[in-house]
Number of protein chains: 2
Amino acid sequence: MKISGSREGTHWQSCHDCTARGFAICAALNNTELRELAQLSRHVRFESGATVFAQANIATSFFSVHKGILRIYKLLPDSRRQIVSFALPGDFLGLSTLPRHEFSADAIGRVALCQVAKESFATFSENRPRLLCRMMELAGRELARAQEHIVLLGRRSAEEKIASFLIGWRDRLNGIGRDGEILTLPMKRLDIADHLGLTIETVSRTFSKLERGGVIQIFAGGVVLLDAARVESLSAGVS
Amino acid sequence: MKISGSREGTHWQSCHDCTARGFAICAALNNTELRELAQLSRHVRFESGATVFAQANIATSFFSVHKGILRIYKLLPDSRRQIVSFALPGDFLGLSTLPRHEFSADAIGRVALCQVAKESFATFSENRPRLLCRMMELAGRELARAQEHIVLLGRRSAEEKIASFLIGWRDRLNGIGRDGEILTLPMKRLDIADHLGLTIETVSRTFSKLERGGVIQIFAGGVVLLDAARVESLSAGVS
DNA sequence: CGTTGCCTTGAAATGGATCAATTCCGGTGG
DNA sequence: CCACCGGAATTGATCCATTTCAAGGCAACG
């Protein structure tokens, strides 16, 4: 397993004006605590395509995504791949306290992460119920997303999968301040396919079909939701 | 929404010799705390098929499964159903702190649950980091299971799905003390189908195929793993 | 013993996968 | 500025695993 991240500095210079502050775990901390945690953490960067950690390896650190996007995935022995989720700024990697990584994570484009040793973090959080509650909150959200994805994979058609994915992606981008109907899709078609349980060809065909229907417009690196309401109805939303 | 559970007594008489003690959240509590929590909780029972709570309703309570099995599921508007998971004794329902239920839960056979009002529980857990950590642990496990299920739904064939399901079910039963290669499957074929993203016919056919292959033996209400190693290899396990 | 609710089995239909070319596009070098 | 190259995306033509449609079968129960 190659770890190709460059480590720079021992801790993040400016947690105060961190762009991911607010959505990350840090939101539960006051300034003093923030400074303390900063002492324990280091800031790491990874180039596009680099593997941050791999499935089944001993997990020694937690990460909080600061900038960029990662794909979180599992491989079957015969190299089939399932992308469990995409991690965005503010997402916490390693909520599960199990000793080994449950999945692999690699960078889509350049990413910047805050890394904290598991042990230090455990001691730090031990007597900070507010932080623990915040973690429960993130875990709960993560779980809700996973369950929603289970429905998508188990019971939705290809078109519904794509539509749901677009809506979900839009909502997540909104959540971190990137509003609007112009969606950047930094991941490749193959990533989308492996996320939705489809093949690259089906993803491509479905995008084309939606574009022909005037519902979306495809451009290099993304999509415009010309008719967001239509996309939502195609997604066969919850309840 | 019908709540057809009969409420009996204000709290569970004997948390000490509770059969689910040990795997439930309670494992993180000492005797004093256990007694305190018992004051806040009530013991409820539901008949087979009863709905404990439904998706999108306001969530006022947490539940810990004491006896029996529940199906945890979501419905799409057109009534397609996806069973997200089956809840066993020791499982905690409502880890997500969101105000509304993310899914519906109903009893498969008779069940007994410990119910605690969300608010009381929040105050109780607020200054008990050990309990919060225990919840994180359960949440982490739940999340890991959900992610494993995502792989199953996204990238496995019908036969692999069934085999994985049987192995997973065996392991979970082992976890609560029901060892051995004789698996009781209290849920119906339709439940299995809706859990694995298949149709009832495919489930039935695949079971039959495995039986013809001498890998399992079907009996009313369950299955015997005649060749567990074979089932494991058919499941195309992780990594 | 007839009914009712599951489960199983068979035959036909199909959505998405697979196989096989193209086309598109950003980068690179002449 | 243009030609060329390689990776990604698209498109078309089959194929096939699973669904869908349609009968039975079987055990529990009145």
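The structure presented is a predicted model; accordingly, all values stated were derived computationally and were not measured. In what follows, chains are A, B, ... by sequence order, proteins preceding strands, each numbered from 1.
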Please write out the pairs of protein N or O atoms and N or O atoms of nucleotides 15-20 of chain D separated by less than 3.5 Å, giving the distance to one decimal.
from   : atom 1 : to       : atom 2 : distance (Å)
D:dT18 : OP1    : B:Ala158 : N      : 2.8
D:dT19 : OP2    : B:Thr199 : N      : 3.4
D:dT19 : OP2    : B:Thr199 : OG1    : 3.2
D:dT19 : OP2    : B:Thr202 : OG1    : 2.3
D:dT20 : O4     : B:Arg205 : NH2    : 2.7

Any residue of residues 185-193 of chain A with a heavy atom less than 4.0 Å from an atom of DNA chain D: A:Lys188, A:Arg189

Which residues share a side-chain hydrogen bond (donor to acceptor under 3.5 Å, both in side chains) with A:Glu142, sequence neighbours left out: A:Arg145

B:Lys74: salt bridge (charged side-chain N to carboxylate O under 4.0 Å, His left out) partners, not counting sequence neighbours: A:Glu148

Boundaries of the chain B footprint along DNA chain C (any atom under 4.0 Å from a heavy atom): C:dC6 to C:dA11

Exceeds 12 heavy-atom contacts within 6.0 angstrom, atom CZ of B:Arg81: yes

All side-chain hydrogen bond (donor to acceptor under 3.5 Å, both in side chains) counterparts of A:Ser64, not counting sequence neighbours: none

DNA chain C-proximal residues of residues 207-224 of chain A, any heavy atom under 4.0 Å: none

Set of salt bridge (charged side-chain N to carboxylate O under 4.0 Å, His left out) partners for B:Glu211, sequence neighbours left out: none

B:Arg71: side-chain hydrogen bond (donor to acceptor under 3.5 Å, both in side chains) partners, not counting sequence neighbours: B:Asp106, B:Asp191

A:Gln115 side chain to A:Ser61 side chain, donor-acceptor N/O pair below 3.5 angstrom: yes

Residues which pass side-chain hydrogen bond (donor to acceptor under 3.5 Å, both in side chains) with A:Ser104, listed by chain and number, not counting sequence neighbours: none

Ring pair (Phe, Tyr, Trp, His ring centres under 6.0 Å) partners of residues 189-218 of chain A, not counting sequence neighbours, each pair once: A:Phe86-A:His195, A:His149-A:His195, A:Phe165-A:His195

Using distance only, find each side-chain donor-acceptor pair of residues 176-183 of chain A under 3.5 Å and give its atom names and separation, not counting sequence neighbours.
none

